[in-house]
*Asks:* 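Let me begin by handing over the structure; questions about it come next.
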Amino acid sequence: MRAVGLIVEYNPFHNGHAYHLEASKEAANADVVIAVMSGNFLQRGEPALVSKWYRTRMALLNGVDIVFELPYRFAVQKAETFANGAVSILDAAGCESLCFGSESGDLSAFHQTIDFLEEQHTRFDQHIKRFMDTGVSYPKAVSLSFRQLPESERYLDLAKPNNILGFQYIKAINQQKSPIRPLTVARKNADYHDEDFSSETIASATSIRKAIFSNEDGKSKIDQYVPEPTKQLLQQYLHDYHVFHQWENYWSFLQFRLIHSNPDELREIYEVEEGLEHRLLAAALVSNNFQEFMQKIKTKRYTWTRLQRLCVHILTNTKKAEMAGNIEKASYLRLLGMTTIGKAYLNMRKKDFCLPLVSKLSSFKEKEILFDVKAARVYSLGIPNQYKSDMIRQEYKQPPIFIEKKR
């Protein structure tokens with residue numbers, strides 16, 4: 001059985017994801033689709049709209065065959081670390097190929113850009129340092145430095161978010177000496193950051209979430225942009241938990257963590273650097289909500305995404321000492337769900353996996369999985385009190401979701 005791997009967040013699963021999934025399966029001539037999906041907190045430092053279990057069900061009902069969780073220590077990270085963890089999981093799971101969406105849609109452009117930057121790495125690093133010294137953020141310094149290189153306009157546009165991720169996926173494949181074959185399909189219609197609907201059938205996850213939170217009938221506005229299983233599961237989640245997750249759900253907890261910490265304690269938190277602890281504390285005392293807090297701490301040195309990730313680490317009390325060590329490869333495969341086809345693949349191939357397959361959390365003692373457990377507990381704070389204990393228990397008791405599907 002030939003497997004194609006996807007690296008996803010499905011926040012939520014929409015028509016663009018469905019297009020990518022089918023195009024990937026066709027491009028890879030694959031029998032099985034394996035998705036590595038971020039857990040309850042995402043790469044941009046945000047809580048997922050609905051839990052990883054609901055998003056797993058969305059994935060399986062919309063065509064994915066196996067869903068593995070991308071561990072917290074890789075999921076809430078910069079693009080390079082995010083890519084390393086995800087690629088290591090797909091490699092361990094026996095995927096023959098990895099297919100990602102990109103603004104470019106041209107795989108040769110990715111390989112040419114990687115070769116170009118390897119040739120120019122000394123000059124490139126010098127430019128990055130020079131721009132960083134002016135106070136700009138690291139992603140901005142990278143983008144500006146790339147433009148300083150000779151004939152850079154001939155290569156990939158590394159200012160585009162999906163191009164950046166694809167670039168890092170291929171780098172990770174190369175660095176890990178993985179036999180995975182990279183493939184790419186061009187994004188269709190909507191851009192990653194689009195906040196408004198610009199197509200009749202495909203919209204960005206950003207615009208879909210904005211519509212959901214904008215007003216009470218926001219859900220009806222998204223109906224044409226999401227498959228039926230997604231629509232039903234969003235309705236079910238709202239019925240079950242009476243809320244969709246966003247940062248404002250967690251603001252009081254983040255504020256409490258901040259105002260009850262001293263600068264020395266905050267300096268121990270992962271990604272708190274360069275005196276940021278003082279800025280965080282000052283802003284926490286005078287902010288009424290998360291949006292206001294972010295506007296007060298934002299500078300040109302730190303991207304909004306970087307600061308949101310930092311806030312997640314404060315919320316989960318994730319310390320630098322805990323995150324030290326291996327951030328290149330995952331150490332387990334946490335199975336969240338599978339279809340009939342996925343189950344057949346696992347039965348056939350799991351004995352060849354180079355990482356332990358975790359289907360029951362209580363039976364696995366790997367230290368790194370405790371990050372995922374802690375993240376799940378914190379995520380449950382975003383729902384009404386009467387449902388919290390059930391959501392926390394689910395992290396231990398929920399078996400992998402199984403969707404019976406005919407071939």
Side-chain angles (χ1 to χ4, degrees), residues 5 7-11 34-43 47-61 64-77 82 85-86 88-94 233 237 240-241 245 270 312-313 315-319 322-323 325-327 329-339 342-343 345-347 349-351 353-383 387-403:
I7 300 171
V8 303
E9 294 192 313
Y10 292 160
N11 189 38
I34 299 178
V36 176
M37 187 183 77
S38 300
N40 290 322
F41 290 96
L42 310 178
Q43 198 264 335
L49 184 70
V50 298
S51 76
K52 63 188 179 187
W53 300 108
Y54 270 71
R55 285 159 43 241
T56 294
R57 195 173 290 276
M58 283 181 196
L60 297 174
L61 288 172
V64 174
D65 296 303
I66 296 171
V67 180
F68 292 118
E69 180 174 2
L70 180 61
Y72 175 91
R73 67 181 287 119
F74 296 102
V76 188
Q77 287 276 19
F82 178 90
S88 70
I89 289 173
L90 293 177
D91 183 59
L233 285 164
Y237 197 85
D240 289 349
Y241 297 110
H245 298 251
Y270 186 63
V312 173
H313 298 317
L315 200 60
T316 58
N317 196 32
T318 301
K319 298 180 179 178
E322 296 175 308
M323 293 288 270
N326 178 28
I327 56 170
K329 291 187 177 184
S331 56
Y332 54 89
L333 300 174
R334 173 88 184 271
L335 180 63
L336 297 182
M338 59 190 165
T339 63
K343 184 177 181 180
Y345 177 87
L346 291 173
N347 288 339
R349 300 291 299 275
K350 64 184 178 183
K351 63 181 181 300
F353 291 173
C354 60
L355 293 177
L357 180 64
V358 182
S359 57
K360 187 178 179 183
L361 186 64
S362 58
S363 65
F364 188 66
K365 305 302 180 185
E366 175 69 40
K367 182 180 178 182
E368 289 185 3
I369 210 166
L370 295 179
F371 288 108
D372 305 336
V373 174
K374 186 163 57 172
R377 290 171 177 168
V378 170
Y379 186 76
S380 72
L381 298 176
I383 62 175
Y387 308 118
K388 286 187 174 94
S389 58
D390 286 340
M391 183 173 277
I392 291 171
R393 276 198 298 271
Q394 188 178 34
E395 184 67 10
Y396 288 93
K397 301 294 185 182
Q398 174 69 53
I401 293 167
F402 178 67
I403 301 293

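Starting from 1, each residue takes its place in the sequence as its number.
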*Asks:* I'd like to check Ile89 versus Leu333 (side-chain heavy atoms, cut-off strictly below 4.5 Å). Are they in contact?
*Replies:*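 Ile89 reaches Leu333 side chain to side chain.
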
*Asks:* Can you tell if the side chain of Val8 reaches within under 4.5 Å of the side chain of Val64, non-hydrogen atoms only?
*Replies:*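 No, too far: nothing below the 4.5 Å cut-off.
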
*Asks:* Tell me if a side-chain donor or acceptor on Ser88 pairs with a main-chain N or O of Ala330 at a distance below 3.5 Å.
*Replies:*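 Confirmed, Ser88 side chain pairs with Ala330 backbone.
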
*Asks:* Which atom names give the shortest non-hydrogen contact between Glu9 and Gln43, and what distance separates them?
*Replies:*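 Heavy atoms only, the tightest pair is OE2-N, 2.8 Å.
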
*Asks:* For Asn11 and Leu49, indicate whether the former's side chain and the latter's backbone hold a donor-acceptor pair under 3.5 Å.
*Replies:*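 Here the side-chain-to-backbone pair exists.
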
*Asks:* Holding to ring pair (Phe, Tyr, Trp, His ring centres under 6.0 Å), I want the full list of residues that pass it with Tyr237, two or more places apart in sequence or in another chain.
*Replies:*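 Once residues adjacent in sequence are excluded, the partners of Tyr237 under the ring pair (Phe, Tyr, Trp, His ring centres under 6.0 Å) criterion are Tyr54, Tyr241, His245.
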
*Asks:* Measuring only between side-chain heavy atoms, which start at C-beta, is Val36 closer than 4.5 Å to Phe74?
*Replies:*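 Result no, sub-4.5 Å side-chain heavy-atom pair not found.
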
*Asks:* Does the side chain of Lys374 reach to within under 4.5 Å of the side chain of Thr318, using non-hydrogen atoms?
*Replies:*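 With C-beta onward as the side chain, the pair touches.
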
*Asks:* Determine the minimum heavy-atom distance between Asp372 and Tyr72, stating which atoms define it.
*Replies:*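 Result for this residue pair: OD1-N, 2.7 Å.
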
*Asks:* Could you tell me which non-hydrogen atom of Ala93 sits nearest to which non-hydrogen atom of Phe68, and how far apart they are?
*Replies:*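 Residues Ala93 and Phe68, closest heavy atoms: CB-CE1, 3.7 Å.
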
*Asks:* Counting only heavy atoms from other residues, nucleotides and ligands, does the tally under 6.0 Å from NZ of Lys319 exceed 12?
*Replies:*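 It does not: Lys319 NZ has 12 such atoms or fewer within range.
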
*Asks:* Please examine the side chains of Pro71 and Phe371, heavy atoms only from C-beta on, and report whether any two atoms are closer than 4.5 Å.
*Replies:*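 Phe371 does not reach Pro71 side chain to side chain.
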
*Asks:* Under a 4.0 Å threshold between the charged nitrogen and the carboxylate oxygen, would Glu368 count as salt-bridged to Lys329?
*Replies:*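 Judged by the 4.0 Å cut-off on N to carboxylate O distance, Lys329 and Glu368 do not form a salt bridge.
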
*Asks:* Would you name the heavy atoms of Leu336 and Met37 that are closest together and state the gap between them?
*Replies:*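 Minimum heavy-atom separation between Leu336 and Met37: CD1-CE, 4.1 Å.
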
*Asks:* Taking side chain to side chain donor-acceptor pair (under 3.5 Å) as the test, write out the residues that go with Tyr10, two or more places apart.
*Replies:*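 In terms of side chain to side chain donor-acceptor pair (under 3.5 Å), with neighbours along the sequence ignored, Tyr10 is linked to no residue.
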
*Asks:* With a 4.5 Å heavy-atom cut-off, do Ile7 and Phe82 have their side chains touching?
*Replies:*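 Yes, at least one pair of side-chain atoms sits under 4.5 Å.
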
*Asks:* Who passes ring pair (Phe, Tyr, Trp, His ring centres under 6.0 Å) against Tyr387, sequence neighbours left out?
*Replies:*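 Residues passing ring pair (Phe, Tyr, Trp, His ring centres under 6.0 Å) with Tyr387: His242.
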
*Asks:* Looking only at non-hydrogen atoms, find the nearest pair between Val67 and Ala59 and report the distance.
*Replies:*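 Of all heavy-atom pairs spanning Val67 and Ala59, the closest is CG2-CB, 3.9 Å.
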
*Asks:* Should the pair Glu395-Lys52 be classified as a salt bridge under the 4.0 Å nitrogen-to-oxygen rule?
*Replies:*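 Counted as a salt bridge, because a side-chain N and a carboxylate O are separated by less than 4.0 Å.
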
*Asks:* Counting only heavy atoms not in Lys343 (residues, nucleotides, ligands), do more than 12 fall under 6.0 Å from its NZ?
*Replies:*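 No - once you tally the heavy atoms of other residues, nucleotides and ligands closer than 6.0 Å, there are 12 at most.
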
*Asks:* Looking only at non-hydrogen atoms, find the nearest pair between Ser359 and Pro400 and report the distance.
*Replies:*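 Answer, listing the atom of Ser359 first, then Pro400: O-CD, 3.2 Å.
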
